[in-house]
Amino acid sequence: MGIGDAKFGVQVGIGVVGRAVAYVIAFFGSILLARVLGPNEYGVFYLMLSIVSFLDNPVTGWAEGCRKRFTEDGFPSDEALGSALLAIMVASVALTAFAWLFSPFIRSFTGSADGWLLLAALYVGVVTYQTSNEILKGTEYFGTSPWVQSGRDMMRVIGQAALVLAGFGVAGMVGGMVLANLLIAPVVVYAVGVRPRFPSRDAVRTIWTYARYSIPSGIVGTAQQRMDRILLGFLASTAVLGNYEVALKLTLPAMFVAGIAQDGLMSRISNRRSRDESFAADIQNNLANASVFGIPLFFGALTLGGPVVVTLYSNQYSDAVPFFAGLALFRLLRTQKSILTGVLNGLNRPELNFRISLGVFSFNLIAGVALLFAIGPIGVVIATVVSEVFAYGVRGYMVRSLVPSVQLFPRLLIEQVLSGAVMAVIVYAARLALPLATWPYVFAVVGLGGVTYFAVLTAISHSFRATVVAVARDAGLPVPRFD
């Protein structure tokens, strides 16, 4: 059975639980590490990680091309995996040499004479894990990918905490990350279930026809995604970047469903398209459910952002509060945009994503720099939100042009917005009534908001009830039928 025949909702459900576990591990790890390191060193590590995330795009873009061909009926899957592993080795050698040549520049922002070595090691660890995991997303078990991430994050947090508490600072953060990535990558390759083989010229040529667009699209997309961090790190301060990173981590649950669904949807559309099978219903279902966590998180950030940030991360991160609501809106927009991105890639139109990303990045860069100097760091977030609106709108138009039956605003999405609005009223009233100076009250109000949102959504939405029951039934759970 291939991904085109897999129980998609079950795999997404497995992935969402895995993503939640990974988030909890990473989240509490970030609280510990952020408190020990402080905003400055914490920001230095994430500046390095942002640079690595930009530089790894040629490899991850190639890996996406390998995944695309891996899902297609008739393409040799062993050569697709072999092509991805070969790219890891070539890129690791090239980046290490590059980092050594530019070691004086790297030393200037890391504050370490061995900064180039830290950057090279971080790069090798990241591309090894990301590339192997990319192929796993092309199998019928794509929902296990977040569980792999959970295992990786458990090892990462333990390693980083041990090294940071031992006094290694930023080097400890890098060492923990690299160790976890290199230990988990062989497990991922084994889970793919294919023995890698050295690729033929024909295989490389076929992968390249897709990767020639996915690589530059990934570079531009990552540049836009990481540009906030780079601008704040270089033009503001690493302390501001540390505050931004804290706010960004708090908004990550918004992508629990969308992040899993995007990867699976791209592979599913690719597989079904290669077999001349219908996939429009898959697109519609994913658009309807992608924002189920993003909507309540946005309303929660508007009404309860300040107490949550200060309670979890302490008063030294109080400057992160203004970023929280803006980044929550950004994540909400991205939940929908990511599905549209996966659709275009699955339809073998990566060049459309590249052109859109290039235009959005150009606007975001100019607007981000201008607003940073005009109104301060919050201007970077505003520019990013506006850019995401543009990216969503253009991709929505493209998808509607290619698959006219798709509706961008399904009824379930509207019902989620209404449920979020009701939740916001209840949470705001509770905030006015309760003293939120201690964590039990803050967590109680957060819990009240979550219960309110899902209770209202369950009550008013037949589609939501039917989706939950269908997924549970596909998973083999005994559930009643809602008619």
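This is a predicted model, so every value here is computed, not measured. Residues: numbered from 1 along the sequence shown.
- By the side-chain contact (heavy atoms from CB on, under 4.5 Å) test, Pro186 pairs with no residue at all, sequence neighbours left out.
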Which donor-acceptor pairs under 3.5 Å do side chains of residues 124-131 form with protein atoms, sequence neighbours excluded?
from	atom 1	to	atom 2	distance (Å)
Thr128	OG1	Val124	O	2.7
Thr131	OG1	Val127	O	2.7

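- Using a 4.5 Å cut-off on side-chain heavy atoms (C-beta onward), Arg355 and Leu352 make contact.
- In this structure, the side chains of Val385 and Ile382 stay at 4.5 Å or more apart for every pair of heavy atoms.
- Nearest heavy atom pair, residue Thr96 against residue Ser92, reads OG1-O, 2.8 Å.
- Side-chain contact between Leu332 and Ile295 is present, with at least one heavy-atom pair separated by less than 4.5 Å.
- The side-chain hydrogen bond (donor to acceptor under 3.5 Å, both in side chains) pairs that include a residue from residues 168-182 are Arg152-Asn181, where partners are two or more places apart or lie in different chains.
- In this structure the side chain of Val148 never reaches within 4.5 angstrom of the side chain of Val187, judged on heavy atoms.
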Q: Given side-chain contact (heavy atoms from CB on, under 4.5 Å), test Val220 with Phe354 step by step and report yes or no.
A: CA-CA 7 Å; Val220 174; Phe354 168 62; 4.1 Å; yes
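- Results of the side chain to side chain contact (heavy atoms under 4.5 Å, CB included) test with Leu287 over Leu265, Leu412, Asp282, Leu340 single out Leu340 as the only residue that passes.
- Legend: salt bridge (Lys or Arg N to Asp or Glu O under 4.0 Å) pairs involving residues 420-434, not counting sequence neighbours: none detected.
- With sequence neighbours excluded, the residues satisfying ring-ring contact (aromatic ring centres under 6.0 Å, His included) with Phe323 are Tyr244.
- Considering CG of Asn243 and CG of Leu248, their distance stands at 12.5 Å, rounded to 0.5 Å.
- When side chains are defined from C-beta on, Ser338 does not count as touching Arg395, because their heavy atoms never get closer than 4.5 Å.
- Residue Asn289 holds its CG atom at 8.0 Å from CZ of Phe464, rounded to the nearest 0.5 Å.
- Contact record, Phe324 with Leu250: CE1-CB, 3.6 Å, taken as the closest heavy-atom pair.
- Applying the side-chain hydrogen bond (donor to acceptor under 3.5 Å, both in side chains) test to pairs two or more places apart or on separate chains, those with a residue in residues 406-416 are Arg411-Glu415, Glu415-Ser461.
- Among residues at least two apart or in separate chains, salt bridge (Lys or Arg N to Asp or Glu O under 4.0 Å) pairs with a member in residues 314-337 are Arg334-Glu388, Lys337-Glu388.
- Remark: Phe98 engages Phe102 in a ring-ring contact (aromatic ring centres under 6.0 Å, His included) (not counting sequence neighbours).
- Considering only residues two or more places apart in sequence or on other chains, Ser217 meets the side chain to side chain donor-acceptor pair (under 3.5 Å) condition with none of them.
- Between the OG1 atom in Thr384 and the CG atom in Leu329 there is a gap of 11.0 Å [rounded to 0.5 Å].
- Residue Ser419 holds its OG atom at 9.5 Å from CZ of Phe299, rounded to the nearest 0.5 Å.
- Nearest heavy atoms, Leu327 versus Val381: N-CG1, 4.1 Å.
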All N/O donor-acceptor pairs, side-chain side in residues 156-165, below 3.5 Å, sequence neighbours left out:
from	atom 1	to	atom 2	distance (Å)
Arg156	NE	Asp153	OD1	3.3
Arg156	NH1	Gln160	OE1	2.8
Gln160	NE2	Met173	O	2.8

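- In terms of the side-chain contact (heavy atoms from CB on, under 4.5 Å) criterion, residue partners of Ser387 (sequence neighbours excluded) are, by chain and number, Gln224, Val360, Phe363, Asn364.
- Judged by distance alone, with hydrogens and angles left aside, the side-chain atoms of Asn57 form a donor-acceptor pair with the main-chain N or O of Phe54 at under 3.5 Å.
- A pairwise comparison of heavy atoms in Ala325 and Ala301 identifies CA-CB, 3.9 Å as the closest pair.
- Separating the CG atom in Leu117 from the CG atom in Leu122 is a distance of 11.0 Å, to the nearest 0.5 Å.
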Between side-chain atoms of residues 452-460 and protein atoms elsewhere (two or more places apart, or another chain), which donor-acceptor pairs fall under 3.5 Å?
from	atom 1	to	atom 2	distance (Å)
Thr452	OG1	Leu448	O	2.8
Tyr453	OH	Val292	O	3.0
Thr458	OG1	Phe454	O	2.7

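- Nearest heavy atoms, Ser291 versus Leu413: CB-CD1, 3.9 Å.
- Scanning all heavy atoms of the two residues, the minimum distance from Pro350 to Asn345 falls at CA-OD1, 3.7 Å.
- Val442 is not listed as a side-chain neighbour of Val310, based on a closest heavy-atom distance of 4.5 Å or more.
- Side-chain contact between Thr311 and Tyr441 is absent, with no heavy atoms from C-beta onward closer than 4.5 Å.
- Taken to the nearest 0.5 Å, the OG atom of Ser214 stands 9.5 Å off from the CD1 atom of Ile219.
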Q: Go through Tyr397 and Ile356 one step at a time and tell me if the side-chain contact (heavy atoms from CB on, under 4.5 Å) criterion holds.
A: CA-CA 11 Å; Tyr397 173 79; Ile356 296 168; over 6 Å; no
Q: Start with the C-alpha gap between Val380 and Leu371, add the side-chain angles, then the distance that decides, and say whether side-chain contact (heavy atoms from CB on, under 4.5 Å) holds.
A: CA-CA 6 Å; Val380 175; Leu371 290 175; over 6 Å; no
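- Using a 4.5 Å heavy-atom threshold, the side chains of Phe293 and Val257 count as touching.
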